[in-house]
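Shown next, in structure tokens, is the structure this report addresses.
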Amino acid sequence: MQQLTAIELANWMALYLAASICCVIALVLSCATVVVELYRERCWATVTSVRAAVLFVPRTWWRWQKHYLMSMPVTLGVVILFAGSMNWS
């Protein structure tokens with residue numbers, strides 16, 4: 001197995017850092033969006049029984065997942081463009 005050069009190692013570390021930063025930004029924005037949507041729709045007002053309370057959690061989770069996963073193409077695009085701008089040799 002061939003060892004990575006110092007440039008390749010630095011590039012991979014930078015790519016992982018860039019992907020992590022993009023994911024954290026997506027996490028914060030998706031959480032903020034869900035909180036604003038829940039507040040505007042006043043979804044907690046529909047929680048009147050135990051069954052409604054139990055179903056409120058997965059619905060909120062699914063709403064957050066949709067927002068978070070919608071950021072995936074942007075994250076991939078940023079990381080791919082960043083990787084393409086690096087000198088790998």
Side-chain angles (χ1 to χ4, degrees):
M1 182 174 189
Q2 186 181 10
Q3 296 294 325
L4 293 175
T5 65
I7 292 173
E8 291 172 337
L9 184 61
N11 285 348
W12 279 111
M13 288 180 10
L15 281 176
Y16 279 113
L17 181 63
S20 299
I21 290 171
C22 286
C23 289
V24 167
I25 291 170
L27 174 71
V28 169
L29 290 176
S30 64
C31 287
T33 303
V34 168
V35 167
V36 168
E37 283 180 359
L38 290 175
Y39 179 75
R40 283 185 181 169
E41 296 173 10
R42 302 202 186 278
C43 292
W44 60 86
T46 61
V47 179
T48 56
S49 66
V50 175
R51 182 177 187 269
V54 169
L55 291 176
F56 179 75
V57 174
R59 285 185 186 141
T60 304
W61 176 259
W62 175 244
R63 184 182 294 219
W64 175 79
Q65 282 289 317
K66 287 191 299 187
H67 287 297
Y68 183 74
L69 292 176
M70 282 186 350
S71 71
M72 184 188 61
V74 176
T75 300
L76 285 174
V78 167
V79 173
I80 288 170
L81 288 174
F82 182 58
S85 70
M86 294 178 165
N87 184 12
W88 288 89
S89 54

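Residues Tyr16 and Val79 share a hydrophobic cluster, clusters being chains of Ile/Leu/Val/Met/Phe/Trp/Tyr side chains in contact below 4.5 Å. Note on Val47 and Val34: same hydrophobic cluster, where clusters join Ile, Leu, Val, Met, Phe, Trp and Tyr whose side-chain heavy atoms are under 4.5 Å apart, directly or indirectly. By the criterion of side-chain heavy atoms lying less than 4.5 angstrom apart, applied directly or through intervening Ile, Leu, Val, Met, Phe, Trp or Tyr residues, Leu55 is not grouped with Val50; the two fall into different hydrophobic clusters. Under a hydrophobic-cluster definition in which Ile, Leu, Val, Met, Phe, Trp and Tyr are linked whenever side-chain heavy atoms come within less than 4.5 Å, directly or via other members, Val74 and Leu81 are assigned to different clusters.
One distance of note links CD of Glu8 with CG of Leu15; it measures 11.5 Å at 0.5 Å rounding. Separating the OG atom in Ser85 from the CG atom in Asn11 is a distance of 8.5 Å, to the nearest 0.5 Å. Taken to the nearest 0.5 Å, the OG atom of Ser20 stands 12.0 Å off from the CG atom of Leu27. Once rounded to the nearest 0.5 Å, the distance linking OG of Ser30 with NZ of Lys66 reads 13.0 Å.
Counting heavy atoms of neighbouring residues, nucleotides and ligands inside a 6.0 Å radius, atom CH2 of Trp44 exceeds 12 of them.
Using a 4.5 Å cut-off on side-chain heavy atoms (C-beta onward), Tyr68 and Cys23 make contact. The closest side-chain heavy-atom distance from His67 to Leu29 is not below 4.5 Å. Looking at Phe56 and Trp61, their side chains never come closer than 4.5 Å, going by heavy atoms from C-beta outward.
The nearest pair of heavy atoms linking Phe82 to Ala14 is CE2-O, 3.7 Å. Summarising the geometry of Thr75 relative to Cys22, their closest heavy-atom pair is CG2-CB, 3.6 Å, with the distance given to 0.1 Å. Ile7 approaches Asn87 most closely through the heavy-atom pair CG2-O, 3.3 Å. Heavy-atom minimum distance, Cys43 versus Thr46: O-OG1, 2.7 Å.
With hydrogens and angles ignored, the 3.5 Å screen pairs a side-chain donor or acceptor of Trp88 with a backbone N or O of Ala83.
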Could you walk me through whether Arg63 and Leu38 pass side-chain contact (heavy atoms from CB on, under 4.5 Å), step by step?
-> CA-CA 10 Å; Arg63 184 182 294 219; Leu38 290 175; 4.1 Å; yes
